[in-house]
Chemist: 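One structure follows; several queries about it will come next.
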Number of protein chains: 2
Amino acid sequence: MSNAAPGTPAPPPSPWDRRRRPRAQAAPARLPLSRERVVEAAFTVLDDQGLDGLSMRRVAAELGVTVSALYAHVSSKDDLLELMYTRLFDGFELPEPDPKRWREQLRDFAHAGRRRLLSHRDMARISMAHVPFTAELLPHVEGLLAIFRAAGLPDHIAAEAGDLISTYIDGFVLEEGMWQDRAAREDGEEASLARPDWHEMADRMRDYFASLPAEDFPNLRALSGLMVSGSSDTRFDTGLEIILRGLASYLPDTAPGDDAR
Amino acid sequence: MSNAAPGTPAPPPSPWDRRRRPRAQAAPARLPLSRERVVEAAFTVLDDQGLDGLSMRRVAAELGVTVSALYAHVSSKDDLLELMYTRLFDGFELPEPDPKRWREQLRDFAHAGRRRLLSHRDMARISMAHVPFTAELLPHVEGLLAIFRAAGLPDHIAAEAGDLISTYIDGFVLEEGMWQDRAAREDGEEASLARPDWHEMADRMRDYFASLPAEDFPNLRALSGLMVSGSSDTRFDTGLEIILRGLASYLPDTAPGDDAR
DNA sequence: ATATCTTGGTGAACAGCGTTCATATGACGA
DNA sequence: TCGTCATATGAACGCTGTTCACCAAGATAT
């Protein structure tokens, strides 16, 4: 590797001498960036890094582009998150309100909402941080209100019910995600790092509850089975049903417990 | 102290020559740091900077101490946030369950919970990010379950009701805070920077709803008054009542609508 | 009285973050 | 062929959470 002694043969281009940058792959006929492509990339980063790993730099890397390029299409990270939030509910349609089927319609709404929140990691956290009153989301709010009013709910109840049910969905999925994360983290620390095994976590939790002093925590012990195990789906439906029954109680008088179950 | 050559009079201590640091105020008999003091400082930072402005460095500054000193008492920022979360509910007591008064007891619980969440800025965001199954919080869960079961609710309902009601409280306060923040931000951009005027924001929101095309948003327009104006307190109670009525519907048979309102 | 250990703090550093700005480059119309 | 325009670059700024080698002073032991 002789290069030192006999008169310095080839002066390496000093860093401040910029002739032509080696054009890393400057613009290889890439289809140009766009809002859509940025949001899309953000979703894939979100899905395999989680919200805490979602940085502008990583989104840029995903697109094979520098950070600053993103800011031509998105005005800030918050802006990007808001775009993701509204995009998540793209094409979310609410049915024409049918007074006789309002409960089913709300169940469908809740299930569809939950499914969408579950379709991307940590999405509930993002959703929770936003108020659904952007122009794109207003039709959904309107659709919900339409169902409530068609069902015959008094106005002051209808006005609150939308928030209540949306918050429930968000909150439930958020908690689902937190359990999954926690399971994954503890799993990763111990042995396997790619198996967020849900049941193992549930077992551990039930064991923990069972280990509590019986005289101080009788109810927690008694209900531990129901609280942690049991599919999320049925737990979700149970909570939802409580809300629906509460709403039904404000209806003039349809034989109570009628549509129940 | 002549030690140098007779020419150079007083060699100023070179920066890398560290004899004794001027002891800025090394340890002015300060009462030593403690977990408690750190958490306390974190709360005051939280209250006047918000969660986004809560950094370890600012907490340290609040205590007149360097960042690294904090890590002797707190293992990470997440740890600190968790401490704040559990500390918020210190001394939170649930009553001995009284089967006849379960609704009142739950109302009291909800009000107390909301009040505590409101007692520090952005606290609902912190609360939402945690699962209440830490050792310190388990007694509260137990107390809630006790009320549900004493009231006579079936187990699978009782197991879900705690989550439902807690999520409602958290979610409601969270949204309250978001409106306040948004109002404050827009206010700050325009003119006054110390008046988060709530009513002005509500007015603006109602105006916005009223400006929507009547044929597309009849319900939103009709209910806008109820949704945005009206005190938060009564809106909170309305949502809470829906849940309580839903729970009541699972009771064997106490003349429905009995304790209602 | 001197030496040692412990305690509780310092300050510099690291890697990463969101955001901005002057600059360079490729494609297109004149 | 030249200029223009849009687009992407890369360096920089100030901030973040976290770690680590070091240091001053008090308590303890010799």
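A note on names: the letters A, B, ... follow the listed sequences, proteins ahead of strands, and every chain is numbered from 1. Note that these values count all heavy atoms, side chains included, but never hydrogens, waters or copies made by symmetry.
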Chemist: Would you confirm whether the ring centroid of Y168(A) sits within less than 6.0 angstrom of the ring centroid of F236(A)?
Modeler: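 Distance test on ring centres: under 6.0 Å, yes.
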Chemist: Hey, is D170(B) close enough to R125(B) for a salt bridge, meaning N to O under 4.0 Å?
Modeler: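 Looking at R125(B) together with D170(B), the answer is no, because their closest N to O distance does not fall below 4.0 Å.
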Chemist: Between R204(A) and D207(A), is the closest basic N to carboxylate O distance under 4.0 Å?
Modeler: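 Result for this pair is no, no salt bridge flagged.
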Chemist: Could you state the CG-P distance from L70(A) to dG10(D), rounded to the nearest angstrom?
Modeler: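 Those two atoms, CG and P, are 14 Å apart.
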Chemist: Going by side-chain contact (heavy atoms from CB on, under 4.5 Å), V74(A) matches just one of V38(A), L81(A), V59(A). Which one?
Modeler: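 Output: one option passes, namely V38(A).
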Chemist: Just the rounded figure in Å: distance from C1' of dT7(D) to NE2 of H73(A).
Modeler: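 H73(A) atom NE2 is separated from dT7(D) atom C1' by 8 Å.
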Chemist: Across the strands shown, which category fits A69(A) at heavy-atom distances under 4.0 angstrom: base, sugar-phosphate, nothing?
Modeler: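 A69(A): base contact, heavy atoms under 4.0 Å.
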Chemist: Which letter, B, S or -, goes with each nucleotide of nucleotides 13-21 of chain C from 5' to 3', with contact meaning a protein heavy atom under 4.0 Å?
Modeler: B---BBBBB
Chemist: Please identify which of these residues, L174(B), L51(B), L117(B), meets the side-chain contact (heavy atoms from CB on, under 4.5 Å) condition with D122(B).
Modeler: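 Of L174(B), L51(B), L117(B), side-chain contact (heavy atoms from CB on, under 4.5 Å) with D122(B) is met by L51(B) alone.
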Chemist: If you take the centroid of each ring, where Trp contributes its six-membered ring, are F133(B) and Y208(A) closer together than 6.0 Å?
Modeler: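 No, they do not, as the ring centres are separated by 6.0 Å or more.
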Chemist: Any Lys/Arg nitrogen of R87(B) or E136(B) sitting under 4.0 Å from an Asp/Glu carboxylate oxygen of the other?
Modeler: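 Between E136(B) and R87(B) there is no salt bridge, as every charged N stays at least 4.0 Å from the carboxylate O atoms.
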Chemist: Just so I know, are the side chains of L212(B) and E142(A) near enough to count as touching, which here means a heavy-atom distance under 4.5 Å?
Modeler: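 L212(B) vs E142(A): side chains apart.
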Chemist: Run through DNA chain D and report every stem of 3 or more consecutive Watson-Crick or G-U pairs, distances under 3.5 Å, ordered by first number.
Modeler: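 Stems found: C:1-30 with D:1-30.
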